[in-house]
Amino acid sequence: MSTESVTPESTAVASRPAAAPSLTSVFIRLKLSLLRNGLRQSTGRTLAYIASIAVGLLFAAGAVLGLTALRGTAHVGALAVLLTGILTLGWAVMPLFSPGGDETLDPTRLVMLPLRPRPLVVSLLVASLVGIGPVVTVALVAGSVIAVAHGPAAAVTGVAAVVLVVLVCVALARAVATAAVRLLTSRRGRDLAVLSGLFIALGAQGVNIAAQRLGRPDGLAVLEPLGDVLRWVPPASAISAVEHAGQGAYGRALAGLGLTALALALLLWWWRRTLTTLMTSPDSSTLQAVEKDSARRSGTGERGLARLLPRGRTGTVMLRTLRYAWRDPKSKMSWASALGLGLLLPVVTSVQGNGSMYTTFSASALLGMQMYNQFGQDTSAFWMVASSIATPRDAYRELRGRAAALALVGVPYVTLVVIGFAALVGPWSAFVEVYGLSLAALGALIATGALASTLFPYSIPSEGNKNVAPGQAAIAWFSLLGGVVTAGVLCAPLIALTIWLHVAGLHSLLWVLLPAGVLYGTGIAELGFRVAAPRAVRRLPEILTAVSQ
């Protein structure tokens, strides 16, 4: 019987530990595992993801075909650099709008692992290239390169440009997510994600306006002024470098690529630095942060806005209403939508050539609608308010305080919108009457909103995206539409006075509409509080039941 001889070399080989897997491959597998496990949660999620892939690929294919068809067209270079700039901006803001969309965007999950920043940055960057977003980005950038590339030098430069642009976009998204990760995973970050719908609506209107301008006879020429600026802003400078290389301007081509490469290096440096700080500094859950926050709050007396509000119940109600508008996600979304759309509608109509001073009524109309369903906005916490209402005087002060908080924001906002529109579009001659009617409309909506909140309250679900509880949609629509129509009827005297002054040619007396609007709006709002207050006391049990469903 023979035995194998054991040599020192074989002993060393046997005792040598197995080579550790590459960190980059580990993160790629982690990204794929997270994606696969997420799709396994439900069939609907899988179908939605497949549909998003199909839509993304169709959009990318259409964009590439469109850019290829524009090859050789005048001013196509300005379109290509502008498209790259918009794409980069989208990557920059994407983490802010979807903080929970990708768990790998949260590096705090890796704090307890023995990982160094440099290999971690490289691995996260490569893993970020896995997904439909980078694929669509590659397609769009490649289409832009095809549209402006002419000749072998431009083709070679285009390959480098595609790589640099995609890396800059991904690194920018990662750096922004790392720098703001503690904000994005907090309540305020979730509030910011709720507001993404508003920014998307504003962006859609911007795209609509741009498409209308591109449809004019001068076409892409309108993009040249902006293109001249973006040509030297990375990573759009890399696309401009492709165009310069095709024209034989090799020095400018190298400068464009160099700017993009420098931007990539700076982004990676910033990302690494914020990653190191994030993974080595205490967060708000540690004792040091709590002590620091306690020391900051250790002062006595009221702070901030509370010092400026009136004393008593009115000031307390105003402060509570404003805090709800700032802290509650659905209240914040409602306020932000009213403020954004109230400003957007006059701008869009003026850009389309249909602008009129009277379109600024959207500012007071949309903001005045925030007075509706005031008690329902408190959700189940309304019982605490209800316990403090025993007399019509208490209800009157409650409604007046909520309206005062709305007016504290609404009056300056309406003023700025009307003044801004008069200054940019005009005419100034219509400012006085429009401003007076806007304030009167705001007062009328506050009055009808107070009454509708008392007569037609409804519940707002705390979870999900619905603003009306199931079975109460008819009440919500009747409250809103009925109140708006009633507010229009209440403003009929001032509208009739305005028409009469114009028809009679008494334009010199139009100034009376401003003080009349102020007095009428204030008076009608006061009347609404006094009418609604006793009804609120009598209907308090019904209101409490309706808003708590």
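- Across all their heavy atoms, Ala533 and Leu399 have their closest contact at N-CD1, 4.2 Å.
- By the side-chain contact (heavy atoms from CB on, under 4.5 Å) test, Leu506 is found to be paired with Trp500, Leu501, Ala504, Leu509, residues two or more places apart in sequence or in another chain being considered.
- A distance of 4.5 Å separates CG of Leu87 from OG1 of Thr137, quoted to the nearest 0.5 Å.
- Taking each heavy atom of Phe529 and Ala403 in turn, the nearest pair found is CZ-CB, 3.2 Å.
- Partners of Leu540 by side-chain contact (heavy atoms from CB on, under 4.5 Å), not counting sequence neighbours, listed by chain and number: Phe382, Ala386, Ile389.
- Under the ring-ring contact (aromatic ring centres under 6.0 Å, His included) criterion, Tyr324 pairs with no residue at all, not counting sequence neighbours.
- With sequence neighbours excluded, the residues that form a salt bridge (charged side-chain N to carboxylate O under 4.0 Å, His left out) with Arg402 are Asp378, Glu398.
- Residues passing the side-chain hydrogen bond (donor to acceptor under 3.5 Å, both in side chains) test with Thr498, sequence neighbours excluded: none.
- The salt bridge (charged side-chain N to carboxylate O under 4.0 Å, His left out) check on Arg530 picks up Glu526, with sequence neighbours excluded.
- Side-chain contact between Phe421 and Val434: absent, with no pair of heavy atoms (C-beta onward) separated by less than 4.5 Å.
- Here Thr522 pairs with nothing under the side-chain hydrogen bond (donor to acceptor under 3.5 Å, both in side chains) rule; sequence neighbours left out.
- Note that CZ of Arg400 and OG1 of Thr314 are 4.0 Å apart. Values are rounded to the nearest 0.5 Å.
- Across Ser364 and Leu445, no two heavy atoms sit closer than the pair O-CD1, 3.6 Å.
- Residues Gly517 and Leu494 come closest through the heavy atom pair CA-CD1, 3.8 Å.
- Here Ile524 contributes atom CD1 and Leu442 contributes atom CG; the two are 13.0 Å apart, rounded to the nearest 0.5 Å.
- Qualifying side-chain contact (heavy atoms from CB on, under 4.5 Å) partners for Val55, counting only residues two or more places apart in sequence or in other chains: none.
- Remark: the backbone N or O of Gln370 is paired with a side-chain donor or acceptor of Gln377 at under 3.5 angstrom.
- For the pair Val484 and Met369, the minimum side-chain heavy-atom distance is below 4.5 Å.
- A side chain to side chain donor-acceptor pair (under 3.5 Å) check over residues 440-457, counting only residues at least two apart or in different chains, returns the pairs Tyr372-Thr448.
- To the nearest 0.5 angstrom, Phe456 atom CZ is 8.0 Å from Leu451 atom CG.
- Qualifying side-chain contact (heavy atoms from CB on, under 4.5 Å) partners for Val136, counting only residues two or more places apart in sequence or in other chains: Phe59, Ala60, Ile132, Leu140.
- The heavy-atom pair separating Leu455 from Arg539 by the smallest distance is O-NH2, 3.2 Å.
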Less than 3.5 Å apart, which donor and acceptor atoms pair up between the side chains of residues 404-418 and the rest of the protein, not counting sequence neighbours?
unit_1	atom_1	unit_2	atom_2	d
Tyr413	OH	Leu339	O	2.5
Tyr413	OH	Leu343	N	3.1
Thr415	OG1	Val411	O	2.7
Thr415	OG1	Tyr435	OH	2.6

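- With sequence neighbours left out, the salt bridge (charged side-chain N to carboxylate O under 4.0 Å, His left out) criterion links Glu433 to no other residue.
- To the nearest 0.5 Å, the span separating CZ on Arg535 from CD1 on Ile543 amounts to 12.0 Å.
- Panel note: side chain Tyr520, backbone Ala444; no donor-acceptor pair is recorded below 3.5 Å.
- A pairwise comparison of heavy atoms in Thr88 and Cys169 identifies OG1-SG, 3.8 Å as the closest pair.
- The line from CE of Met318 to OG1 of Thr321 is 8.5 Å long, rounded to the nearest 0.5 Å.
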